[in-house]
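Each remark here refers to the structure printed beneath this line.
Counting starts at 1 for both ligands and their atoms, in listed order. Hydrogens, waters and symmetry mates play no part in the numbers below; they use all other heavy atoms, side chains included.
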Amino acid sequence: MARISIQNVAKKYGEGSGAHQALAGVSMEIADGEFVALLGPSGSGKTTILRAIAGLEKIDAGVIAIDGQVVSSPGLHVTPEERKVAVVFQNHALWPQMTVFDNVMFPLLVNAKRTGELELRVNEALDSVELEALKHRYPDQLSGGQKQRVALARAMVGHPRAILFDEPLASLDVELRRGMLRHIARARNPKISIVYVTHNQEEALALADRVAVLSEGRIEQLQTPMILSQEPVSRMVATFVGGRNILPATVVKTQGEHTVWLELNGYEFVARCQKQPATAKVWVSIQPSAFEVAGQGKGLNVRADYVFFQGDSYAMEGCCTALPETLLNIRLLLHEKPVVNGWKTLRITDAWVLPESRA
Ligand code: ADP
Ligand code: MG
């Protein structure tokens with residue numbers, strides 16, 4: 001069980017002119033058994049938060065508490081061992097001179113003597129990541145994915161209150177990633193909270209109960225994957241998480257609280273909004289998959305400047321006449337390749353107005 005409470009945490013590296021504010025006031029609550037992903041570009045402070053929770057980094061301001069016990073504040077620092085949280089890093093950090101079995105056993109021997117019961121626990125942990133057959137091997141006899149599974153078993157064996165992952169799949173190829181994602185999904189347990197750092201939005205959205213999007217040491221938005229994808233609060237979240245296109249549009253009419261008609265280059269379309277915009281000019285965000293070819297009737301004329309095949313459909317990037325400088329990213333369910341530099345008339349099937357203060 002671990003409720004992790006992070007309140008106004010700040011952290012600066014270095015001093016004077018070379019100083020860097022890595023965390024500029026981060027607050028969030030992670031519930032018992034919850035899986036929270038920290039998603040953000042490189043340098044946004046993800047690893048720093050993770051290390052602060054683990055006790056590997058001291059903080060300058062704010063409070064971190066686990067299950068109500070303060071573990072970090074400017075005047076107080078509980079050691080990593082006493083926090084009972086486990087960390088899985090990208091480079092798995094296995095001990096090369098120890099077998100797989102001994103690597104997983106090692107954390108248990110910090111506080112206890114080796115017993116049959118502990119050996120049973122190690123075997124269970126290895127079994128849960130399907131590695132029992134390889135337990136007598138050494139790390140250099142394992143593939144990258146297998147090493148990462150050893151690291152996962154080693155994290156789970158001590159029955160930690162929380163497991164903190166720092167980009168655990170970053171060094172694996174696509175197929176291994178999927179396999180490892182399954183193992184991580186299986187490691188989920190109502191007693192273990194998970195904090196999962198990644199710069200890959202697919203990973204974050206695939207697994208997490210909630211995702212915190214970080215930018216420059218601050219949380220931009222903390223939400224469920226669905227809301228984050230459908231209702232980004234800012235330009236940063238809209239582009240980083242959803243790869244959304246952001247276009248200027250004009251309000252034509254409103255309908256109820258959460259629906260608005262917009263106009264762009266003579267084409268009118270419906271958009272969702274948090275509340276009715278206060279101004280006639282708004283920024284609207286549109287997912288690449290929210291375009292379709294307009295049969296008859298009106299649409300947005302877009303030139304297919306670049307065409308990419310994507311397994312089952314074509315993606316194109318192109319500009320519309322009204323916005324010659326803005327390259328739109330569009331994913332179309334087309335079975336015929338669009339003509340490069342040809343024009344397509346497209347309808348917008350879903351759009352979301354960015355809240356004014358954050359556009
Ligand atoms: P992320 O994991 O999101 O890539 P980090 O938390 O590692 O980001 O780093 C946040 C910022 O703090 C970055 O600009 C990074 O260069 C800086 N930073 C991280 N660790 C140190 C350190 N030990 N000394 C100085 N600066 C650091
Ligand atoms: Mg990092």
Do any heavy atoms of G40 fall under 4.0 Å from ligand 1?
no
Can R188 and D209 be said to form a salt bridge (Lys or Arg N to Asp or Glu O under 4.0 Å), step by step?
CA-CA 11 Å; R188 280 208 69 172; D209 296 318; 3.0 Å; yes
Is at least one protein non-hydrogen atom found at under 4.0 angstrom from atom 22 (C) of ligand 1?
yes
Provide, to 0.1 Å, the distance between atom 7 (O) of ligand 1 and the closest protein heavy atom, together with that atom's residue and name.
T47 CB, 3.6 Å
Please list the nearest protein heavy atom to atom 1 (P) of ligand 1 with its residue and the distance rounded to 0.1 Å.
G43 N, 3.5 Å
Y267 side chain to N301 backbone, donor-acceptor under 3.5 Å:
no
Short check: any N/O/S atom of T47 below 2.8 Å from the Mg ion (ligand 2)?
yes
Just wondering, do T250 and V252 contact through their side chains at under 4.5 Å, heavy atoms?
no
Should the pair R186-E130 be classified as a salt bridge under the 4.0 Å nitrogen-to-oxygen rule?
yes
Verify same cluster id: L247, V237 (apolar side-chain graph, 4.5 Å)
no
Within-4.5 Å side-chain heavy-atom neighbours: L39 and L214:
no
Check ligand 1 against T48 and write out every atom of the ligand that is under 4.0 Å from a heavy-atom position of the residue.
5 (P), 6 (O), 9 (O)
To check your reading of the model: name the closest protein heavy atom to atom 8 (O) of ligand 1, its residue, and the distance in Å.
G45 N, 3.2 Å
Salt-bridge criterion met for K84 and D67 (N-O under 4.0 Å):
no
Could you check whether any heavy atom of S42 sits closer than 4.0 Å to an atom of ligand 1, since that is the contact criterion I want to use?
yes
Please check this pair: side chain of N103 against backbone of W95, looking for a donor-acceptor N/O pair closer than 3.5 Å.
yes
Pick one of side chain, backbone, both or neither for how H20 approaches ligand 1, counting any non-hydrogen atom pair under 4.0 Å.
side chain
In terms of atom number and element, which parts of ligand 1 are under 4.0 angstrom from non-hydrogen atoms of P41?
3 (O)
For atom 27 (C) of ligand 1, what's the nearest protein heavy-atom neighbour? Residue, atom name and distance, please.
Y13 CD1, 3.2 Å
